[in-house]
Amino acid sequence: MRRFDEPILVTRPYLPDLESFKAGCEEIWRNRWLTNNGPILKRFEGRLAEFLGTPESNISLFVNGTLALELGFYAMGLADAEVVTTPFTFVATSHALRRIGATPVFADVDPDTLCLSPEAAEKAITPRTKAIVPVHVYGHPCDVDGFARLGERYGVRIIYDAAHAFGAGLQAHGDMSMYSFHPTKLFHSCEGGLLVFRDGALRERLAELRNFAIKGELSCVDVGTNAKMNELQALMGLECLKAMPGILASRAEIHAVYREAFAGCPGVKLLDPASFPESRVAGFTPNYAYCPVLFVDFATRERVYAELKEKCNVFTRRYFYPLLTDFAPYAYARGTCPVAEDAARRVLTLPTYFGLSADDARAIAEDIMEILRK
Ligand code: T4K
């Protein structure tokens, strides 16, 4: 087995050209305007709207994805409501609900995509349910048509946690979607979050909420917070956006290396979004944000995780293990989602990022197969 000289991490942030970033900093220095709806933020919003093919009136930027979710949920009137969601996600999805007083009700995931199953979600709906929050986990598409039907039938909002799905073309679905621009994502703004919403009237409401809900110097209309994106973040986002085609291409190349390496290897199942029936929804193109593989059982996954770390200097992650319902704040639902529990115990996300070479990805795949042979 090959031991890498330098640690290989599950992800590394894309870094834009430093000279170009410095030129942007000079503009910020000249403006002497650092946050509070500055000119670079406005430019970033404009470019994002173009990139997504969405009017600027239907997007809003935030300091991070978690606060974007929290304020999005609040603006949609979900405080004190029941919200059906998935346990197979990062804690932020449910934390954002709990922090506004909503109650996450967990339903199980689809065994192929590991996204919330509409059938399971439907069974969890009660008269107190006001919304369903599916997650496009790993950037893989949920059954958006199935959720649209539930939205209509039960009169509930469909709000996607699309933290992983930037660049995957899913923004037209649901009442709202949240994209995370954290550096562990394929596209980032150091930290950041974006809401895309169907109802343009939300833009003003969200602008208010992310700025303490103050209006002018003399009025405060609600209990808002400080969730504003600053100018340096916006500049990083603008610079990274220029590189999106290259970032997406490099991810596709790495995914293809893993796909080829594991083809015909029964002990490792690489989740391939291009193969899901859900992928046929309008606009979807895989962004290969993560490279998740499933092993046959928990013991094998743990062995691969540990040996890659100790023997190969390769640091994979067990996203998303433990399952949310195994954490104290959500333990009220422990044991209720067996498909998600099983996936959490068998999944491993492999290194993938702009700058990881195809040769290194191939070597990691070979190391995994050697560990499995032992
Ligand atoms: N919804 C979902 C479904 C999410 O996955 C997330 C965030 C959110 C909502 C909330 O969005 P944000 O509020 O974060 O915008 C990471 C991220 O912190 C988190 O953003 C992400 N999901 C989650 C899945 O992963 P950790 O604790 O695993 O990150 P950490 O620090 O261990 O970093 C992972 C790897 O990346 C390490 O090997 C180190 C490397 N790294 C990390 C950073 C930050 C770098 O090389 N450079 C860096 O700057 O949570």
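Computed over heavy atoms, backbone and side chain alike; hydrogens, waters and symmetry mates excluded. Nothing here was measured: the structure is a model prediction, and the numbers come from that model. Numbering of ligands and ligand atoms starts at 1, following listing order.
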Would you mind listing which atoms of ligand 1 come within a distance below 4.0 Å of any non-hydrogen atom of [X]?
X	value
Ala92	8 (C), 9 (C), 10 (C)
Gly192	15 (O)
Thr93	1 (N)
Gly65	11 (O), 12 (P), 13 (O), 15 (O)

Hydrophobic cluster membership, Val63 vs Leu209, 4.5 Å side-chain cutoff | no
Just go through Met178, Glu70, His182, His95 and tell me whose heavy atom is the nearest to atom 44 (C) of ligand 1.
-> His182
Check each of Asp161, Leu194, Thr349, Thr316 against atom 9 (C) of ligand 1 and report the one with the nearest heavy atom.
-> Asp161
Is the NZ or CZ atom of Arg317 both under 6.0 Å from the centre of the six-membered ring of Tyr290 and within 45° of that ring's axis?
-> no
Are Arg318 and Tyr305 in a cation-pi contact, defined as NZ or CZ under 6.0 Å from the six-membered ring centre and within 45° of the axis?
-> yes
Looking at ligand 1, does any of its N/O atoms fall within less than 3.5 Å of an N/O of [X]?
X	result
Glu191	no
Thr89	no
Ser180	yes

Within less than 4.0 angstrom of ligand 1, does Gly193 place any heavy atom?
-> no
Within less than 4.0 angstrom of ligand 1, does Ala96 place any heavy atom?
-> no
Which residue and heavy atom of the protein sit nearest [atom], plus the separation:
atom	answer
atom 39 (C) of ligand 1	Leu9 CD1, 4.0 Å
atom 30 (P) of ligand 1	Arg317 NH1, 3.9 Å
atom 19 (C) of ligand 1	Lys185 NZ, 3.7 Å
atom 40 (C) of ligand 1	Thr11 O, 3.4 Å
atom 13 (O) of ligand 1	Thr66 OG1, 2.6 Å
atom 2 (C) of ligand 1	Ala163 CB, 3.4 Å
atom 25 (O) of ligand 1	Tyr319 OH, 3.5 Å
atom 7 (C) of ligand 1	Phe90 CD2, 3.3 Å

Would you confirm whether Asp222, through its side chain, and Gly224, through its main-chain N or O, come within 3.5 Å as a donor-acceptor pair?
-> no
Run the salt-bridge test on Arg346 and Asp297 with the 4.0 Å N-O cut-off and return the result as yes or no.
-> no
Taking only Lys NZ, Arg NE, NH1 and NH2, and the carboxylate oxygens of Asp or Glu, determine whether Arg149 and Glu152 approach each other closer than 4.0 Å.
-> no
Residue pairs passing the ring pair (Phe, Tyr, Trp, His ring centres under 6.0 Å) test with at least one member in residues 47-66, sequence neighbours excluded, are Phe51-Phe166
Pairs meeting criterion ring pair (Phe, Tyr, Trp, His ring centres under 6.0 Å) with involvement of residues 2-30, two or more places apart = Tyr14-Phe354
Looking at [X] and [Y], what are the two nearest heavy atoms and their distance?
X	Y	result
Thr349	Thr316	O-CB, 3.4 Å
His140	Pro292	CE1-CG, 4.1 Å
Gln171	Val196	O-CG1, 4.0 Å

Could you walk me through whether Lys42 and Glu56 pass the salt bridge (charged side-chain N to carboxylate O under 4.0 Å, His left out) check?
-> CA-CA 10 Å; Lys42 286 181 187 148; Glu56 254 182 272; over 6 Å; no
